Amino acid sequence: MDSKELREGSNRHLFQEVSEGYTMLEAITEAKRCLHCKKPLCRSGCPIANDIPDWIHELAQGNLGNAIQIINTRSNLPAVCGRVCAHERQCEGNCVLGKKGQAINIGKLERFVADFDASMHLHHEGLVQKNRGRIAVIGSGPAGLTIAGDMARQGFQVEIFEMEAEPGGVLMFGIPEYRLPREVVRNEVKRIEALGAVFHCSVTVGHDLTIDDLFDQGFDAIFMGTGTGKPRKLDIPGCDAKGVEQAIYFLRLANLYTAGSIPRKEVPVSVGDEVFVVGCGNTAMDAARTAVRMGASSVEIVYHRTINEMSALRAEYDDAVAEGVKFNWQSQITCIHEEDGSVAGITLKTGEEETERTANRIILAVGQRPASRIVSTAKGIDVDERGYVLTRESPFGMTTRKGLFAGGDVVRHPATVVHAMQNAKKVADGMIRYVDAIKLLESIV
Ligand SMILES: Cc1cc2nc3c(=O)[nH]c(=O)nc-3n(C[C@H](O)[C@H](O)[C@H](O)COP(=O)(O)OP(=O)(O)OC[C@H]3O[C@@H](n4cnc5c(N)ncnc54)[C@H](O)[C@@H]3O)c2cc1C
Ligand code: SF4
């Protein structure tokens with residue numbers, strides 16, 4: 001990337017989506033390769049059991065309206081999943097065609113159908129009468145959006161409380177624009193709004209209002225899908241120096257900068273910086289690739305295990321390598337050196353060998369856990385020793401506080417978009433059973 005351009009001009013264009021979508025002809029040609037298997041292994045590989053063969057079959061016939069209608073029965077976020085799911089470990093990894101040749105490119109096909117629907121408005125879902133009960137949803141990441149969509153379709157009045165200025169959670173403020181454009185997330189949110197769900201943004205539960213306030217407002221049940229917003233620190237000498245940043249904060253600021261909401265100087269990586277990113281999951285890979293786009297002169301990942309143990313997707317790793325990111329396997333930073341309180345270098349230990357390296361920025365992506373804002377301002381919500389909310393099997397997803405349910409990463413530990421959705425779908429069933437039961441009892445008494 002041209003450093004003069006980075007220094008003098010805007011670099012927002014460098015955050016444009018990297019992966020290109022299919023044209024109609026390419027999509028239909030790819031869809032026609034599908035065997036429409038009787039026992040579709042692709043479907044068993046999908047955590048939310050997306051009816052892949054049926055919608056691919058409709059797409060192959062050119063029936064895009066039918067294709068999106070089938071997708072909608074299982075997923076509220078097809079344009080997102082089509083882009084960021086680990087397809088090679090799930091649907092595509094199971095496709096029979098992959099055994100001897102090339103698996104169907106299911107992710108790219110799903111993205112094509114969802115994007116086509118967003119631009120052409122192919123399919124309008126009828127509004128269901130909302131007379132089954134009132135549900136509050138806290139947090140609008142994949143878990144909250146799934147609960148909202150599924151329960152609005154089932155006749156519940158749904159209101160979502162989100163502390164950020166826009167819905168979407170990690171999809172909006174974590175995953176960078178070049179992998180998941182914000183407009184794609186906004187379109188998914190609009191589809192959920194069109195089902196009748198109401199969003200209240202810039203409202204922090206546990207600060208602006210409490211769980212008790214929500215129950216007092218007459219909600220029959222509450223869902224807590226607040227994710228893992230509290231990052232882990234590194235306990236090494238120099239870890240509090242200026243220039244040590246948390247990856248999720250860095251990515252949030254980079255997303256706000258590319259959206260035009262803050263100036264570039266507020267993003268804590270400057271042109272020419274020497275950056276080390278600690279960790280090797282999705283967050284680390286996004287932070288490294290974003291640092292490259294912000295004009296860092298060198299970006300290196302430091303990971304204490306081997307390449308085979310990294311949790312990031314192989315495709316993400318390949319892209320990072322192609323963009324110039326270097327990897328230090330089985331390595332750790334043992335000391336951060338400071339000059340006038342700012343990061344000036346590190347001691348990097350690889351095996352038994354220690355080397356001194358210069359550095360300006362250390363970005364930490366070493367794990368996250370839930371914040372305690374809600375739990376500390378409400379009675380009766382039990383959590384484990386790391387702050388993850390404990391839930392029951394029956395009704396599925398209910399916490400130790402009656403009527404309060406939880407799901408997604410705040411329960412399951414940081415996972416993936418589709419696993420947060422999978423869990424939330426089961427919690428939605430639990431909430432429906434719970435609210436139907438209390439309404440029945442109320443009608444008898
Ligand atoms: C940088 C990054 C990249 C990732 N890349 C991928 C990827 O490529 N593929 C993939 O499958 N997964 C990826 N993941 C993981 C995935 O994004 C998460 O597993 C998923 O978003 C979890 O969904 P969730 O709804 O449980 O929580 P979140 O998405 O974290 O949403 C929680 C929401 O709750 C809101 N909230 C929190 N507290 C309150 C409160 N007190 N009041 C009101 N609102 C509140 C937050 O603002 C947020 O909007 C990535 C994660 C990160 C951080
Ligand atoms: S396993 Fe592959 S070929 Fe078979 S239905 Fe699924 S996508 Fe089509």
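Only a predicted model underlies this, so the values are computations on that prediction, with no experimental measurement involved. For ligands, and for the atoms within them, numbers begin at 1 and follow the listed sequence. What you see below is based on every heavy atom in this structure, not just the backbone, and it leaves out hydrogens, waters and symmetry mates.
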Item checked: His419 near ligand 1 by a heavy-atom separation under 4.0 Å ->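 Not so, His419 does not reach ligand 1.
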
Next item on the list: Please state whether Pro142 comes within less than 4.0 angstrom of ligand 1, counting heavy atoms only.
Entry: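 Yes, Pro142 has heavy atoms under 4.0 Å from ligand 1.
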
Out of [options], who is nearest to [atom] when you count heavy atoms only?
atom	options	answer
atom 13 (C) of ligand 1	Val203, Val170, Asn282	Asn282
atom 42 (N) of ligand 1	Val375, Asp286, Val418, Val205	Val205
atom 37 (C) of ligand 1	Thr226, Val80, Ile175	Thr226
atom 7 (C) of ligand 1	Thr377, Val84, Ile248, Thr228	Val84

Under a 4.0 Å heavy-atom limit, does [X] contact ligand 1 with its side chain, its backbone, both, or neither?
X	value
Leu313	neither
His207	neither
Leu171	neither
Ala143	both
Phe161	backbone

Sidechain-backbone polar pair: [X] side chain, [Y] backbone, donor-acceptor under 3.5 Å:
X	Y	result
Asn282	Ala312	no
Thr399	Leu404	yes
Thr400	Gly380	yes

Check: Do the numbers put Arg289 on top of the ring of Tyr178, so that NZ or CZ is under 6.0 Å from the six-membered ring centre and no more than 45° off the axis?
Finding: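 The answer is no, since Arg289 fails at least one limit relative to Tyr178.
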
Check: Got the closest protein heavy atom to atom 27 (O) of ligand 1, with its distance?
Finding: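 Looking only at protein heavy atoms, the one closest to atom 27 (O) of ligand 1 is Gly227 CA, 3.5 Å.
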
Hey, is ligand 1 close enough to [X] that some N/O pair sits below 3.5 Å?
X	answer
Thr283	no
Gly174	no
Gln368	no

Check: Should Val299 and Glu274 count as side-chain neighbours, where that means a heavy-atom distance under 4.5 Å?
Finding: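 Contact flag for Val299/Glu274 side chains = no.
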
Notebook entry, point to check: Do the rings of Tyr317 and Trp329 sit parallel, tilted or perpendicular, given the 30° and 60° boundaries?
Noted result: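 Answer is tilted, since the angle falls between 30° and 60°.
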
Notebook entry, point to check: What are the protein N/O/S atoms, named by residue and atom, that sit under 2.8 Å from atom 8 (Fe) of ligand 2?
Noted result: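 Counting only protein N, O or S atoms under 2.8 Å from atom 8 (Fe) of ligand 2, the list reads Cys34 SG.
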
